[in-house]
Amino acid sequence: MDITKAGGSETSSSDIIPSSTSSFGLSTEPTGQMKSSNAACSTAMEPQAASLSPCVPSSSVSSKLGQSNLRRISRTEDSSVYPIPGLADDILHMRVKEGSKIRNLLRFVTARMHGEGRDGNGTSLRQVVFTGSGRGVTKTITCVEILKRKVGGLHQVSKIYYKTVNEVWEDPQQGAAGTSTQRTIPAICMLLSKDPLDPQEPGYQPPQSLGVPAEDTERCRALLRPAQSPSSEDRAKRLCQDDWSMWSP
Amino acid sequence: MADPRNPGTSSIPQAAPAHTDSTSPAVDMDPVEYTLRKRLPRKLPKRRNDVYVNMKTDFRAQLARCQKLLEGGGHREICVHGLGLAINRAINIALQLQATSQGALQLAANTSTVELVDDLEPEDPDEAGEPMTRTRNNSAIHIKVFYPDPQ
């Protein structure tokens, strides 16, 4: 099928620049692109415009930097280490970009988690890590939330961090040497695991059937029955005010 | 659920359900014109140290508010919440707080799904359109920004 091929190539390729891979994936499924045009029409157009007219830098970057006559010639990210400690090297890494289609990512990853992967020799994966940066952060979280609901019983650790991106710009008119800029963009990295993870790790979330963090449900319960069980809410308040003398476990 | 449309599309947070695409066939269209009214998100509990980030308030004002809570307000930890598009801003605020504290602050991020309700009201009251509601999901982030306990 074309769609699975597009999803696999988009997610597995380590495309630093929005390359022709993603636009090829879009052009092979025109109906899918039309249907999702309301969801991400601007993001879907961006890689295509970049690949069709390579002299013009992509609009979002140029408007942000105010260098409309400059051309970006290279963009490198530091993709060396995961912010989550203790990860295997061969872990499945889903790089969510702002133009990635959620259905492609999820079709790929659910197949691998259920052990139906084509090249995964039939064994189901225990862990998967999702990363996304910039405007792809929201999509990354949405992917993880949907996957948690689909698969169930997944332990999660989330980390947020700044990713530094080195960009080299040159002026096409003068042909002068490029100026390099360094930008930091917010990014998120989320590990999902079928095996238990360290609960002391900051950003850990235990598996939930509803996908709501424990803190929220606790607080909701406290709100619903304030007369009977005010203990959890009170304890939270006392913890926050750091009033250790009043708090006895 | 009185939703005639495909519920699978509701999982995409940025999808505007009222959007009409001229190229796609009319399977997605309602026979009667509706006005889409988005209700406000469910009111969440709010402690003194909870900050709900939105996209209407100035970024620096929200960052200053968090800094005031941590430095002047005497809180050891605050919780920064962001929903949908404001997730990016919540992450930015948390990372800025950590960067300006010279490593004294730690972050712990949790994600969740929030159910949102849309009201569909018929534009023409004479036509036989009933008011409907539709639920959709949106992603949210809850970042705990705290001073780690000395051990």
Side-chain angles (χ1 to χ4, degrees), chain A residues 30-31 34-41 43 101-103 106 134-146 148-149 156-162 184-190 201-205 208 210-220 222-223 233 236-237 239-242, chain B residues 8-9 11-21 23-24 28 42-45 47-50 74-79 81-96 98-99 106-115 137-144 146-149:
Chain A
T31 53
M34 251 184 275
K35 257 185 247 165
S36 64
S37 62
N38 53 359
C41 62
T43 56
K101 296 286 169 282
I102 290 181
R103 60 168 177 277
L106 284 177
R135 275 180 288 178
V137 166
T138 316
K139 190 165 280 191
T140 314
I141 296 174
T142 305
C143 276
V144 168
E145 287 294 321
I146 295 174
K148 278 197 295 183
R149 246 175 291 152
Q156 179 186 352
V157 168
S158 326
K159 297 277 181 194
I160 54 177
Y161 58 101
Y162 272 128
T184 54
I185 47 177
I188 194 164
C189 178
M190 305 164 99
E201 185 73 29
Y204 170 78
Q205 279 176 266
Q208 292 264 320
L210 289 170
V212 182
E215 193 189 7
D216 271 12
T217 47
E218 210 172 87
R219 273 151 61 183
C220 291
L223 268 197
E233 177 88 329
K237 269 183 190 162
L239 269 175
C240 304
Q241 289 162 358
D242 204 21
Chain B
T9 56
S11 58
I12 304 168
Q14 275 84 21
H19 179 88
T20 52
D21 199 344
T23 53
S24 69
D28 261 0
R42 187 173 58 95
K43 199 66 190 167
L44 287 162
R47 292 167 289 173
R48 296 284 294 276
N49 57 346
D50 274 323
H75 290 284
R76 293 284 294 172
E77 68 165 54
I78 62 169
C79 231
H81 309 264
L83 173 68
L85 191 60
I87 286 175
N88 263 334
R89 185 169 274 192
I91 292 177
N92 244 327
I93 283 178
L95 288 170
Q96 284 292 326
Q98 192 187 30
Q106 276 195 13
L107 307 178
N110 278 2
T111 62
S112 71
T113 304
V114 176
E115 208 163 74
N137 291 324
N138 209 342
S139 303
I141 195 165
H142 317 273
I143 310 167
K144 195 169 79 172
F146 60 102
Y147 291 105
D149 290 322

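Just so it is clear, the model here is predicted, and its values are computed rather than measured. Order of the sequence lines sets the chain letters (A, B, ...), proteins ahead of strands, with each chain counted from 1.
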Exercise. Please state whether the side chain, the backbone, both or neither of A:Q156 comes within less than 4.5 Å of a heavy atom of chain B.
Key: side chain

Quiz item: Any idea which heavy atoms bring A:I160 and B:L95 closest together, and the distance?
Solution: O-CD2, 3.9 Å

Exercise. With rounding to the nearest 0.5 Å, note down the distance linking CD1 in B:I87 to CZ in A:R135.
Key: 15.0 Å

Quiz item: Would a 4.5 Å heavy-atom cut-off, applied to side chains only, mark A:T142 and B:N138 as touching?
Solution: no

Quiz item: Between A:I185 and chain B, which part of the residue has a heavy atom less than 4.5 Å away: side chain, backbone, both or neither?
Solution: neither

Quiz item: Are side-chain N/O atoms of A:Y162 and B:Q98 paired as donor and acceptor at under 3.5 Å?
Solution: no

Quiz item: Can you name the side chain to side chain donor-acceptor pair (under 3.5 Å) partners of A:Y161, sequence neighbours left out?
Solution: none

Self-check item: Closest non-hydrogen atom pair, B:S112 against A:E145
Solution: N-OE2, 3.3 Å

Quiz item: Given that the side chain runs from C-beta out, which part of B:L107 has a heavy atom under 4.5 Å from chain A: side chain, backbone, both or neither?
Solution: both

Quiz item: Within the distance-only criterion (no hydrogens, no angle test), does the side chain of B:N110 pair as donor or acceptor with the backbone N or O of A:Q205 below 3.5 angstrom?
Solution: no

Exercise. With the side chain counted from C-beta on, respond yes when A:R149 and B:T113 share a heavy-atom pair under 4.5 Å apart, and no when they do not.
Key: yes

Quiz item: Taking atom CD1 of B:I141 and atom CD1 of A:I188, what is their separation to the nearest 0.5 Å?
Solution: 4.0 Å

Quiz item: Taking all non-hydrogen atoms of both residues, which atom of B:A108 and which atom of A:G203 are closest, and how far apart?
Solution: CB-N, 3.5 Å

Quiz item: Roughly how far, to the nearest 0.5 Å, is the CD1 atom of A:I141 from the CD1 atom of B:I91?
Solution: 5.0 Å

Quiz item: Where on B:I78 is there a heavy atom nearer than 4.5 Å to chain A: the side chain, the backbone, both, or neither?
Solution: neither

Self-check item: Engaged part of B:A99 at the chain A interface, taking heavy atoms whose separation is under 4.5 Å
Solution: neither

